[in-house]
Every structure is written in C-alpha cells, then in structure tokens.
Novice: 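I am attaching a structure below and will ask some questions about it afterwards.
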Amino acid sequence: MAKKIENVGCPFCGVCCDDLVVTVSDDGKKILEVENACIIGSTVFHRAMEDRHTLPRLRQPDGTYKEISYDEAVDYTAKVLYNAKKPLIYGFGSTNCEGMAAAAKVAEKAGAVLDNCASICHGSSFLAIFDNGYPSCTLGETKNRADVIVYWGANPAHAHPRHMSRYSIFPRGFFTGKGHKGRKIIVIDPRHTDTAQVADIHLQVKQGHDYDLFNAFRTVVRGHDIPDEVAGIKKEQIIEAVEIMKKARFGTIFYGMGLCHSDGRNHNVDIAISLTRDLNDFTKWTIMAMRGHYNITGPGAVWSWQYGFPYCLDLTKRDIAHMNPGETSSVDLAMREEVDAFVNIGTDAAAHFPIEPVKNLRKHPWITIDPHPNMATEISDLHIPVGIVGVEVPGIVYRMDNVPIQYRSVIDPPEGVPSDEELFERIYQRLCELEAEDAAKQPAKAVPEGVRAGE
Ligand code: SF4
C-alpha cells in the first residue's frame, strides 16, 4: 500500500517549507504525490528520478564519458586536490550541513579556497552586516506580529512562491488574526511584478537608484524635507510610505537581488539596515535577506562555527583561515586565473557564473558533484552523482532566518550512490593516505653526529 510521509522539507528555496506530504509507492522507491508544495517544490520531487546516473563519469581524451567506480572517482578527486597549488571548492547551496562540514575537512586538508553561492548572491549582505549589524527576526515573528511588510528588490511570487502565504502577507498569526486584511504591503521594484500585484503601494524605483530612495526614506523618517522626486518616486508617495512604516506595530523589510546585484550592492543593504535602525526609534522594525537556495544559509552557519567566516574562506595557508571577498571570492579568483583545480558541488557554476571565469576554470581539472546532469557536469572532467538531500538523504538545513530544520528522506538513493557527506569523508580519507604515502617516501632523518640511535 502507498505510504504517506508528513512534515517533509522542500529542498528548493530558502522558505524551507517543512509541511509537505509526500506519498510514495509501497516498495518505497517511487514518489507518487506531493501535497502542499508550490510548483517548483513539487517538480523537485516528481523529477527526482529523471536523468540519474548511478556511477561517476570521467571525460576521455575524445570528449566522451566513461563510467568509473566510486573508488576511482574518489582517488581522482583526491589526487587533483592534492596536486593543485590552489584548488577552489565552491557551491553548497543545495546540500545539507553534514556535507558542508565534511567538505570543509577536505578543503582544510587540501589547502583549498572554500566558498559558497553567497559569493554571487547575498555576499553583499554579509559585507553590510559586518559593517552595520543585522536587526532581524524569525519568520515566525513576522507571521505572528507584522502589520506592515516591505518587499524591496525581491519578487517572492516567482522566486519564493510560498513566502507570502506562509509568513508575510496571507497567514493569520497570533497577533495578526485578520491575515492579509490586517497588513499593509509595500513593494519597491522597477517592474510591476506579480508581487507588486498584491501590494497596497508599489513604488517603481528607477533601476539602480535604490540607494537614493533609501536616503530619501531616512531623511523623511528623521523629519527633514526631500526634493519633489527621488529615484523616479514622487515626494508624496515617499512620505505616505514612511508614515505607514512609522505607524506600524511591527514591520519587516524583506530584500533580495534588486539590492545585492544592482549599483551600490553592499551599500544598498547597508543603508537598508540603517533605515531599519532609524525606524526602531519609533516602533519595531526588522530586516531579512531573502536567501535563495534552501540551505545557502547553512554554510554561513557551519563555517562561521568552524572557522569564524561565512564564505570566501582561503585555507591555503593551512594553519590560518583568511577571508576577503574581492580577493578570495570564487569569481574574482577565476577572473585572475589564480586557482588550478575546481570542485563544483551542490550548484551549477557553468550556468550561473559569467562566461570568462567559466572559461578560466575550464583550463584546469573541473569536478562536479551533483545528483543530476547540468551544464557544469557536461563541461566537467569528472561528474560524481550523489543522493538528493531532502528526497533521498536526510540532514540539517538552515532556513533564510537562520532557523535550523531537520529534513528527512522519502525514498532511497539509487543503489551505491553516496551522500555528499559520505563522498567527502572518502575523499578526506584518500587525501590522508596520499599524505602518508608521500611522507613514507621522504628519506629518514639522519642521526645527528655524536648521538647514537637507540640511546
Ligand atoms: S516555496 Fe520554496 S521551499 Fe516552499 S515549496 Fe516552494 S520551492 Fe519549496
């Protein structure tokens, strides 16, 4: 008989919905139905078994791929990392914290640079937070308390489809019993997005002028005059939005790539945090980054605990970790051709990096660890298939508000296919063996003159 599994976590976006109900076949091998997920989350489960390889594939001199064993793939990867001067291990948005910790052991042993997708996503948020703090909250607090919501440079209707219904606009919480009717929604975006469609106020800021608009908001909050129009928005509209924000009982600003990827980047986030602080002189305001992948908050938590830094970790000096985005960030390293081996794990750098860094990285060994074929696997020297976290592999993931959630597995991975954690543990063991083999080849130290061995 088919089996229903409840409280399943969705391994797609940073909302980390953990209320999915998945029905699997009686032999536990097939996913039959997924309830509660949005279309993206549902597709992750329904397509889990499509296009799967069950053995690693090594590129041959003629460009074709040959299947090899996992032992051979582990040996190849360990040797590439061992022989490289400055390997880069990048990705991690789509795996569990256990896999991230195991990969960090490998990076440390190999003297690698360890980086995650924040590098090309909310990395600017980290820089702003280092400078200016993070007056944030959990999504539960927003759901239960917030009567004013601002989405600034974010379009959850498309990118985080259940965010609005689970936490921000529609749910009825402890102090927000009227749901949507009791909330004011402000969307700030150059385009009239589907999120703007449900807003009470949509401010169509001029693309790339968010910093100016934040300045105008802060000026009005502090009671000063502003020009008749700022960043394409009329003075009266700015004053109206600020008045709503000042009168809020509890507000949350959710922001996304509209701030992190446009002119100003970390400074846009920095001033958004300053606006949040200013508003706290009047009432309670919080701010939250709309983190993308379901566990892209994870490496920040795991590596900060291990090394003190959330991303762009240079471990090449081995006894000290160094972090300096711009210098130690993946795209910058690849642009300057500073790395000589690349491990792409739990992401698709070939699809999502600019083309120049991809071309530079492609000049050296490129290994991709991913359950499915993607653009990165198809230009890799080696593709190592692994189990899908949240579908076939359980583990801890961190939601966008830094709340850890235990994900479960609903089916088994194809026979013999390891998890990321198991794979990295095996690579680590092989690196230790290579190190021991090298040490054994070193000539024994000469006995100092005048001292007899054994005495
Ligand atoms: S909103 Fe995000 S986490 Fe929730 S079901 Fe959709 S893709 Fe999955």
Side-chain angles (χ1 to χ4, degrees), residues 4-24 31-50 92-97 117-118 121-122 138-140 142-143 146 149 151 154-171 173 179-180 185 187 193-195 197-198 252 254-257 288-301 346-348 351-352 370-372 374 387-411:
K4 257 185 198 282
I5 306 170
E6 296 189 340
N7 303 324
V8 174
C10 169
F12 190 77
C13 85
V15 180
C16 293
C17 299
D18 53 354
D19 61 343
L20 274 48
V21 180
V22 179
T23 307
V24 297
I31 291 168
L32 303 175
E33 200 184 337
V34 180
E35 294 166 63
N36 297 341
C38 70
I39 181 70
I40 310 175
S42 178
T43 307
V44 170
F45 284 89
H46 283 301
R47 299 235 175 116
M49 296 313 294
E50 285 178 18
F92 300 99
S94 299
T95 185
N96 55 17
C97 291
C117 309
C121 190
H122 270 287
T138 63
L139 287 168
T142 298
K143 172 187 165 183
I149 299 289
Y151 281 113
N155 184 12
H158 286 202
H160 299 83
R162 295 182 71 214
H163 193 268
M164 297 185 292
S165 59
R166 268 172 77 81
Y167 297 115
S168 60
I169 301 183
F170 301 108
H180 187 192
I185 314 300
V187 169
T193 59
D194 284 337
T195 304
Q197 196 72 28
V198 294
T252 305
F254 292 105
Y255 70 93
M257 292 301 103
M288 195 182 300
M290 296 286 282
R291 304 301 304 272
H293 297 285
Y294 70 93
N295 198 21
I296 192 52
T297 311
T347 191
D348 185 350
H352 304 298
D370 202 284
H372 291 101
N374 57 32
I388 308 170
V389 170
V391 180
E392 300 163 347
V393 179
I396 300 285
V397 312
Y398 277 78
R399 203 168 62 186
M400 64 165 66
D401 55 350
N402 289 295
V403 170
I405 300 176
Q406 173 72 54
Y407 270 25
R408 56 203 314 178
S409 59
V410 294
I411 53 172

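For ligands, and for the atoms within them, numbers begin at 1 and follow the listed sequence. Bear in mind that the values here come from a model prediction, so they are computed numbers and not experimental data.
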Novice: With a cut-off of 2.8 Å, does any N, O or S atom of Cys13 fall short of it relative to atom 2 (Fe) of ligand 1?
Specialist: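 Yes, Cys13 qualifies, because one of its backbone or side-chain N, O or S atoms lies under 2.8 Å.
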Novice: Checking only N/O/S atoms, does Cys10 have one that is under 2.8 Å from atom 8 (Fe) of ligand 1?
Specialist: yes
Novice: Before accepting this row, confirm whether a basic side-chain N of the pair Lys4/Glu35 lies closer than 4.0 Å to the acidic partner's carboxylate O.
Specialist: yes
Novice: Taking only heavy atoms of Gly41 into account, list the atoms of ligand 1 that are under 4.0 Å away from them.
Specialist: 7 (S), 8 (Fe)
Novice: Would you mind finding which of Gly9, Ala159, Cys38 brings a heavy atom closest to atom 5 (S) of ligand 1?
Specialist: Cys38
Novice: Counting each atom of ligand 1 from 1 as listed, which ones have a heavy atom of Phe12 under 4.0 Å away?
Specialist: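 Every atom of ligand 1 under 4.0 Å from some heavy atom of Phe12: 7 (S).
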Novice: If we set the cut-off at 4.0 Å for heavy atoms, which region of Ser42 has an atom near ligand 1: side chain, backbone, both, or neither?
Specialist: neither
Novice: Please verify the inter-ring angle class for His180 with Phe170; under 30° counts as parallel, over 60° as perpendicular, anything in between as tilted.
Specialist: perpendicular
Novice: What's the spacing between Ile388 CD1 and Ser409 OG if we round to 0.5 Å?
Specialist: 11.5 Å
Novice: With the threshold set at 4.0 Å, does a side-chain nitrogen-carboxylate oxygen contact exist between Asp18 and Arg166?
Specialist: yes
Novice: Identify which one of Thr138, Thr252, Val15 satisfies the side chain to side chain contact (heavy atoms under 4.5 Å, CB included) criterion when paired with Tyr167.
Specialist: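 Of Thr138, Thr252, Val15, side chain to side chain contact (heavy atoms under 4.5 Å, CB included) with Tyr167 is met by Val15 alone.
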Novice: Step through it carefully: locate the ring centre of Tyr151, locate the ring centre of His163, and say whether they are under 6.0 Å apart.
Specialist: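 Tyr151 vs His163: aromatic centres under 6.0 Å.
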Novice: Flag Cys17 as yes if one of its N/O/S atoms falls below 2.8 Å of atom 4 (Fe) of ligand 1, otherwise no.
Specialist: yes
Novice: Kindly state whether the ring of Tyr294 and the ring of His160 have centres lying under 6.0 angstrom apart.
Specialist: no
Novice: I need the atoms of ligand 1 closer than 4.0 Å to a non-hydrogen atom of Cys16, numbered in the order shown.
Specialist: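 By the 4.0 Å cutoff, the relevant atoms are 3 (S).
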Novice: Considering non-hydrogen atoms of the protein only, which is the closest contact for atom 1 (S) of ligand 1, and what is the distance?
Specialist: Arg162 N, 3.3 Å
